[in-house]
Peer 1: 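Following this message is one structure expressed as structure tokens.
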Amino acid sequence: MDVNLANLPADEKQKIELDKQAAYAVWKVVNNQAPQSLYEQEANTLVDWQRDVYLASVDKYRAQPEAFVIPDPERDTTER
């Protein structure tokens with residue numbers, strides 16, 4: 001199914017942007033580029049419904065931290 005994101009309503013576009021913001025925040029924390037308090041700092045800048053969407057996305061991404069780790073090529077032991 002093809003979906004043109006530009007055709008979505010404004011609130012749906014905002015939810016997608018909040019999800020992307022949450023994913024980037026988790027990436028920064030997992031890779032020690034930001035403190036754990038980043039989630040709270042960013043959430044405090046949002047209005048109620050945005051905060052709820054953002055924090056739900058943070059929880060979703062924090063449940064899979066291995067997906068956000070930058071691979072270390074020196075520790076990669078797979079054959080190429």
Side-chain angles (χ1 to χ4, degrees):
M1 179 172 106
D2 291 343
V3 177
N4 185 340
L5 299 179
N7 293 333
L8 291 175
D11 62 329
E12 290 298 317
K13 289 180 192 175
Q14 183 67 39
K15 288 177 184 176
I16 292 168
E17 289 302 317
L18 290 166
D19 188 70
K20 289 172 23 181
Q21 182 179 345
Y24 184 52
V26 171
W27 180 89
K28 289 194 291 190
V29 171
V30 167
N31 290 287
N32 297 318
Q33 306 224 351
Q36 288 282 335
S37 61
L38 177 65
Y39 309 130
E40 184 178 319
Q41 292 170 4
E42 290 189 351
N44 286 337
T45 66
L46 303 170
V47 296
D48 292 337
W49 73 268
Q50 293 173 332
R51 186 178 306 114
D52 294 341
V53 170
Y54 172 79
L55 291 174
S57 291
V58 165
D59 289 342
K60 173 178 69 173
Y61 292 122
R62 285 180 73 189
Q64 49 187 348
E66 64 283 348
F68 292 91
V69 174
I70 298 173
D72 183 358
E74 292 181 13
R75 296 189 68 190
D76 187 8
T77 59
T78 59
E79 295 288 325
R80 292 188 185 171

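These values consider heavy atoms only, across backbone and side chains, with no hydrogens, waters or symmetry-generated copies.
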Peer 1: Using a 4.5 Å cut-off on heavy atoms from C-beta on, say whether the side chain of V53 contacts that of D19.
Peer 2: no

Peer 1: Rounded at 0.5 Å granularity, tell me how far NZ in K13 sits from CG in N7.
Peer 2: 7.5 Å

Peer 1: State yes or no: do W27 and I16 share one hydrophobic cluster built from I, L, V, M, F, W and Y residues joined by side-chain heavy-atom distances below 4.5 Å, directly or via other members?
Peer 2: no

Peer 1: Are any side-chain N or O atoms of N31 and backbone N or O atoms of Q33, one a donor and one an acceptor, separated by less than 3.5 Å?
Peer 2: no

Peer 1: A quick test of your reading: do over 12 heavy atoms of other residues, nucleotides or ligands sit less than 6.0 Å from CD of E40?
Peer 2: no

Peer 1: D48 and R51: which non-hydrogen atoms are nearest, and at how many Å?
Peer 2: OD1-NH1, 3.0 Å

Peer 1: Please check if the number of heavy atoms outside Y24 that lie under 6.0 Å from its OH is greater than 12.
Peer 2: no

Peer 1: If you look at every heavy atom in K28 and L38, which pair is closest and at what distance?
Peer 2: CE-CD2, 3.7 Å

Peer 1: Search all heavy atoms of A25 against all heavy atoms of E42 and return the closest pair with its distance.
Peer 2: CB-OE1, 3.7 Å

Peer 1: Linking I/L/V/M/F/W/Y whenever their side-chain heavy atoms sit closer than 4.5 Å, directly or via other members, would V3 and L18 fall into one cluster?
Peer 2: no

Peer 1: Which pair of heavy atoms, one from F68 and one from A23, lies closest together, and at what distance?
Peer 2: CE2-O, 3.5 Å

Peer 1: Once you round to the nearest 0.5 Å, how far does NZ of K15 lie from OG of S57?
Peer 2: 10.5 Å

Peer 1: If the test is side-chain contact (heavy atoms from CB on, under 4.5 Å), which one of K60, Q21, R62 qualifies with V26?
Peer 2: R62

Peer 1: Would you indicate whether the side-chain heavy atoms of Y54 and Y39 approach each other to under 4.5 Å?
Peer 2: yes

Peer 1: Of the non-hydrogen atoms in P65 and V30, which two are nearest, and what is the gap between them?
Peer 2: O-CG1, 3.8 Å

